[in-house]
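Each remark here refers to the structure printed beneath this line.
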Amino acid sequence: AKHDGGGCYRFYDTGLKQIAQEQRALLRDLREAIAEKNIVLAYQPIVDAQTLAIRGFEALARWRRPNGGSVSPDRFIRLAEEAGLIEELGDWILGHACAEAATWPEMLKVAVNISVGQLGGRGFIQRVAETLRRTGLAPHRLEVEITESIFMDADTSSFGVLEGLRDLGVGIALDDFGRGFSSLGFLRGFAFSKIKMDMSFVRDMIHDRRSAAVVHAVVGLAADLGVVVTAEGVETLEQLDQLRRQGCTEIQGYLFSRAMPGERIPHLLEELRRS
Ligand code: C2E
Ligand code: CA
Ligand code: CA
Ligand code: CA
């Protein structure tokens, strides 16, 4: 038994060591990727639910490691937050997305995800203003997407930052609406310009009456508040049909298109113009 225990311990120990090593390697690669701008952005169309005309694109970060494996943005954004790299990465993403959007036709907006560490950082409003000036993008063409996790920090100054952004003329979307527990409170506390309904509701609404009821309520709520409501993760015609009947404003999802490289956008717009 003693022998077994020792072996077991050693196995456990090596396992942990390996995980720690992999984590260090991942962090090293991420630092390098940020320094060398090896993180790229892909853009997913956001379309009008009724006409299917493109209203804008959401910028989504993509990272392929030197060894070939790709790491999901959920994972490397969290890692960047933990390692104190998020301001540098976030500034780069914002600058890049705004510069790209400045080359698009004027009616198209760009949505950029902003994480907790960025919003709390010093001078965020000034940096956004400076980015808009530098890239020449009109403020109303930028929309920042934030989740309620931004307020979990008990840092109440977050509302102040959002107000500052709104004063610049930037749109502010509440992302993943309904996933957390306090989304309604945030809607009461701040005048968001858009609600993005969490994709779990869209996924379940066809087969689950409760989810359908929540979708119905969120669309009605958005209408009462006078804000745009975007359904995310729309994958089927059935979902599109139901969302349209509910009066949902915008949709986003694989049904219309996946995220694509920026270079592809002019071609897509040209194809759509001709068809
Ligand atoms: P999110 O902001 O909720 O972004 C939507 C996610 O849903 C994206 O995943 C998108 O590719 C995916 N998606 C879009 N349509 C469909 C669909 O029809 N079906 C399914 N199953 N998925 C769909 P992605 O790109 O892996 O990003 C995951 C999350 O990582 C994002 O969730 C966002 O929270 C975060 N993220 C991505 N890029 C950035 C960034 O530049 N900055 C920050 N702070 N976070 C980012
Ligand atoms: Ca988002
Ligand atoms: Ca979302
Ligand atoms: Ca998210």
Side-chain angles (χ1 to χ4, degrees), residues 30 33-34 37-47 49 54 56-64 69-83 85-101 109-121 124 128 131 142-150 152 158 171-180 183 186 192-206 218 228-240 243 248 250-262:
L30 182 62
I34 293 172
K37 316 280 181 272
N38 278 336
I39 288 173
V40 299
L41 295 180
Y43 299 87
Q44 186 179 34
I46 300 172
V47 307
I54 298 182
F57 293 84
E58 178 176 3
L60 294 161
R62 297 285 177 260
W63 178 35
R64 188 168 282 282
S70 63
V71 184
S72 86
D74 273 326
R75 182 149 181 237
F76 69 77
I77 294 288
R78 184 158 22 87
L79 190 63
E81 291 248 2
E82 287 162 5
L85 301 168
I86 195 63
E87 282 198 49
E88 190 184 345
L89 177 58
D91 281 352
W92 182 84
I93 289 172
L94 182 71
H96 209 72
C98 289
E100 186 82 43
K109 296 187 181 197
V110 66
V112 180
N113 293 284
I114 302 295
S115 62
V116 192
Q118 259 178 297
L119 203 73
F124 184 66
V128 172
T131 303
L142 171 65
E143 187 166 68
V144 296
E145 296 194 1
I146 59 136
T147 62
E148 64 180 60
S149 64
I150 274 178
M152 295 302 149
S158 293
I172 299 163
L174 184 54
D175 203 355
D176 300 343
F177 182 80
R179 185 189 292 181
S183 305
F186 295 117
F192 290 94
S193 48
K194 179 185 281 192
I195 296 172
K196 295 191 85 171
M197 197 168 6
D198 192 60
M199 51 178 103
S200 61
F201 297 112
V202 176
R203 189 188 56 215
D204 297 341
M205 71 180 173
I206 301 295
V218 173
V228 173
V229 58
T230 308
E232 293 189 289
V234 180
E235 296 182 350
T236 69
L237 282 169
E238 200 181 3
Q239 289 166 342
L240 172 64
L243 288 163
C248 184
E250 295 179 341
I251 63 149
Q252 183 180 353
Y254 297 163
L255 175 66
F256 189 81
S257 173
R258 286 180 184 254
M260 64 189 77

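Atoms within each ligand, like the ligands themselves, are counted from 1 in listed order. Residue numbers start at 1 and run along the sequence shown.
- Within Asp176, the N/O/S atom positioned nearest the Ca ion (ligand 3) carries the name OD1.
- Contacts of Gln252 with ligand 1, taken as heavy-atom pairs under 4.0 Å, are absent altogether.
- For the Ca ion (ligand 3), the nearest N, O or S atom contributed by Asp175 is named OD1.
- Separation of atoms OG1 (Thr131) and CG (Leu142) is listed at 9.0 Å; rounding is to 0.5 Å.
- Per-residue contacts place Val234 under 4.0 angstrom from the following atoms of ligand 1 (heavy atoms of the residue considered): 18 (O).
- Rounded to 10°, the angle that OE2 of Glu58 and OD1 of Asn113 form at the Ca ion (ligand 2) is 90°.
- Residue contacts with ligand 1, taken as heavy atom pairs separated by less than 4.0 Å, involve Asp175 solely via side-chain atoms from C-beta onward.
- In this structure, the side chain of Thr147 does not engage the main chain of Asp175 through any donor-acceptor pair within 3.5 Å.
- Taking a cut-off of under 4.0 Å to the non-hydrogen atoms of Gln44, the atoms of ligand 1 that pass are 14 (C), 15 (N).
- Contact analysis puts Gly233 in contact with ligand 1, with a non-hydrogen atom separation below 4.0 angstrom.
- Looking at Ile93 against ligand 1, only its side chain comes within 4.0 Å, counting heavy atoms.
- Distances below 4.0 Å separate heavy atoms of Glu58 from the following atoms of ligand 1: 2 (O), 4 (O).
- Every atom of ligand 1 with a heavy atom of Glu235 under 4.0 Å away is listed here by number and element: 17 (C), 18 (O), 19 (N), 20 (C), 21 (N).
- With 3.0 Å as the limit, Glu145 does not count as an N, O or S neighbour of the Ca ion (ligand 3).
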Stepwise side-chain hydrogen bond (donor to acceptor under 3.5 Å, both in side chains) test for Asp198 and Ser200: CA-CA 6 Å; Asp198 192 60; Ser200 61; 2.8 Å; yes

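- What you find for Gly90 and Gln118 is that their closest heavy atoms are CA-NE2, 3.2 Å.
- Every atom of ligand 1 is numbered from 1 in the order shown, and the set under 4.0 Å from a heavy atom of Asp176 is 3 (O).
- Atoms of ligand 1 found under 4.0 Å from any heavy atom of Asp74, numbered from 1 in the order shown, are 28 (C), 29 (C), 30 (O), 34 (O), 35 (C).
- Checked by distance only, ligand 1 and Gly253 stay at 3.5 Å or farther apart across all their nitrogen or oxygen atoms.
- Those atoms of ligand 1 with a heavy atom of Pro73 less than 4.0 angstrom away are 24 (P), 25 (O), 26 (O), 27 (O), 28 (C), 30 (O), 36 (N), 37 (C), 38 (N).
- If you look at Arg258 next to ligand 1, there are no close heavy atoms at all, none under 4.0 Å.
- Here Asn113 has heavy atoms under 4.0 Å from ligand 1 in both its backbone and its side chain.
- Comparing Thr147, Leu41, Val112, Leu60 against atom 4 (O) of ligand 1, the shortest heavy-atom distance belongs to Leu60.
- Leu119 and Phe124 get closest at one heavy-atom pair: CD1-CE2, 3.7 Å.
- Each of Gln252, Lys109, Gln44 was compared with Glu58 under the side chain to side chain donor-acceptor pair (under 3.5 Å) criterion, and only Gln252 meets it.
- The option from Gln118, Met199, Arg179 that lies nearest to atom 12 (C) of ligand 1, judged by heavy atoms, is Met199.
- The minimum heavy-atom distance between Met205 and Leu243, with the atom names listed, is CE-CG, 3.5 Å.
- Each of Glu250, Met197, Lys196 was scored for a side chain to side chain contact (heavy atoms under 4.5 Å, CB included) with Val229, with one residue passing: Met197.
- In this structure the side chain of Phe177 reaches within 4.5 angstrom of the side chain of Val218, judged on heavy atoms.
- Taken to the nearest 0.5 Å, the CZ atom of Arg179 stands 9.5 Å off from the CD atom of Glu148.
- Looking only at its N/O/S atoms, Glu232 has OE1 as the one nearest to the Ca ion (ligand 3).
- Judged by distance alone, with hydrogens and angles left aside, the side-chain atoms of Gln239 form a donor-acceptor pair with the main-chain N or O of Thr236 at under 3.5 Å.
- A heavy-atom distance below 4.5 Å is found between the side chains of Val116 and Ser149.
- Annotation for ligand 1: atoms under 4.0 Å from non-hydrogen atoms of Arg62 are 11 (O), 24 (P), 25 (O).
- The line from OG of Ser257 to CD1 of Ile46 is 11.5 Å long, rounded to the nearest 0.5 Å.
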